[in-house]
Amino acid sequence: MLNHILDTYAQFFDWEMWGKILTDPVSWGLIGTLIILEGLLSADNALVLAVMVRHLPKNKRKKALFYGLLGAYAFRFVAIGLGIFLIKLWWIKVLGAAYLAWLSIKYFLDKRKGDSEEDEVKGMSKESLLIRMFGTLWGTVVAVELMDIAFSVDSVLAAFGVSNKVWVLLLGGMIGVLMMRGVAGVFLNLIDRIPELETAAYVLIAIISIKMFLSVFHIEISSTIFFLLIVITFGLTFILHFRKSKNLKEQ
């Protein structure tokens, strides 16, 4: 088992494989899919992290988020490396597919119930356990790290449903983390303008869940077909949005 895990990490430094993936348009399509999915699912998460550090002086807020970013990269590296090995086990695929399906189903059930009230996210209390243990700055950094890990579980599982290529997962995940921190506002504005995009993201999560579950029975959905499903999903999303907008204007 240890040798398999070490072999997986060795692939991170296989420059020949790197070259093949960077020159493969399908791989770039999958990487782009992971980045967009990460951005749509993590835009709100970035705001949560921003609120978590607001009790710090301005000059320390960026430092806490930066250290948190480094930790997020380290976690993705470890999670993807171990995941490449674990995802080969059929029961891990079943659990992963079930979890992603639950995320999607929960979203649509909540949406059907009309849950529009959002819990107010508060900054960290100065009396919290982490701050008392590690001090104000480092206690906040640890809290941000833990929150990053919690946010990353969904994204990492979704990534393994999209592809099992090491560099596709690594590039998509790493750029996705940067997107979450750097341009979260862009995705938030996009979702505000086109709310249906959030629904589209969870439709993709459902498709990824099905793709992962079918792979247990050695039924593989090719990258080309999967990419076409993504294009169709987003195409229908924009069509639906513009029709709704047109109807509202006519009314």
- Task: For the pair S104 (side chain) and I205 (backbone), establish whether a donor and an acceptor sit closer than 3.5 Å, ignoring hydrogens and angles.
- Result: no
- Give the other cluster members for F227, using side-chain heavy-atom distances under 4.5 Å between Ile, Leu, Val, Met, Phe, Trp and Tyr residues; answer none if it is isolated. V231
- side-chain contact (heavy atoms from CB on, under 4.5 Å) assessment of F108 paired with V203: CA-CA 9 Å; F108 287 105; V203 169; 3.8 Å; yes
- Message: Determine whether Y99 and L95 satisfy the following criterion, side-chain contact (heavy atoms from CB on, under 4.5 Å), listing intermediate values before the conclusion.
- Response: CA-CA 6 Å; Y99 178 71; L95 289 176; over 6 Å; no
Quick one: side chains of residues 209-220, donor-acceptor pairs under 3.5 Å with protein atoms, not counting sequence neighbours, listed by atom name and distance.
residue : atom : partner : partner atom : Å
S209    : OG   : A97     : O            : 2.6
K211    : NZ   : G161    : O            : 3.1
K211    : NZ   : V162    : O            : 3.3
S215    : OG   : M212    : O            : 2.5

- Query: Between atom CZ of F75 and atom CG of L70, what is the distance when rounded to the nearest 0.5 Å?
  - Reply: 15.5 Å
- Partner set under salt bridge (Lys or Arg N to Asp or Glu O under 4.0 Å) for K106, not counting sequence neighbours: D110
- On a heavy-atom basis, the closest approach of A200 and T237 is CB-OG1, 3.3 Å
- Among L229, I221, I230, L100, find the residue that satisfies the side-chain contact (heavy atoms from CB on, under 4.5 Å) test when tested with I208. L100
- Message: To the nearest 0.5 Å, what is the distance between CZ on F238 and CG on L197?
- Response: 5.0 Å
- Quick one: pull up CG in L204 and CZ in F234 and give me the separation to the nearest 0.5 Å. 5.0 Å
- Note on the structure: CZ (F77) and CG (L82) are apart, to the nearest 0.5 Å, by 10.0 Å
- Are L228 and L30 joined in one hydrophobic group, where the rule is that I, L, V, M, F, W and Y side chains link up if heavy atoms are under 4.5 Å apart? no
- Item | Joint hydrophobic cluster, L240 plus I36, side-chain heavy atoms closer than 4.5 Å | no
- Matching residue for H241 among K246, E196, R193 - test: side chain to side chain donor-acceptor pair (under 3.5 Å): E196
- Message: Tell me every residue that passes side-chain hydrogen bond (donor to acceptor under 3.5 Å, both in side chains) with Y67, counting only those two or more places apart in sequence or in another chain.
- Response: none
- Task: Please answer: with hydrophobic residues joined when any side-chain heavy atoms are less than 4.5 Å apart, are W91 and F160 in the same cluster?
- Result: yes
- What pair of heavy atoms forms the shortest contact from L169 to S163, and how long is it? CD2-O, 3.3 Å
- Message: Tell me every residue that passes side-chain hydrogen bond (donor to acceptor under 3.5 Å, both in side chains) with T199, counting only those two or more places apart in sequence or in another chain.
- Response: Y107
- Item | Remaining members of hydrophobic cluster (4.5 Å side-chain criterion), I232 | L236
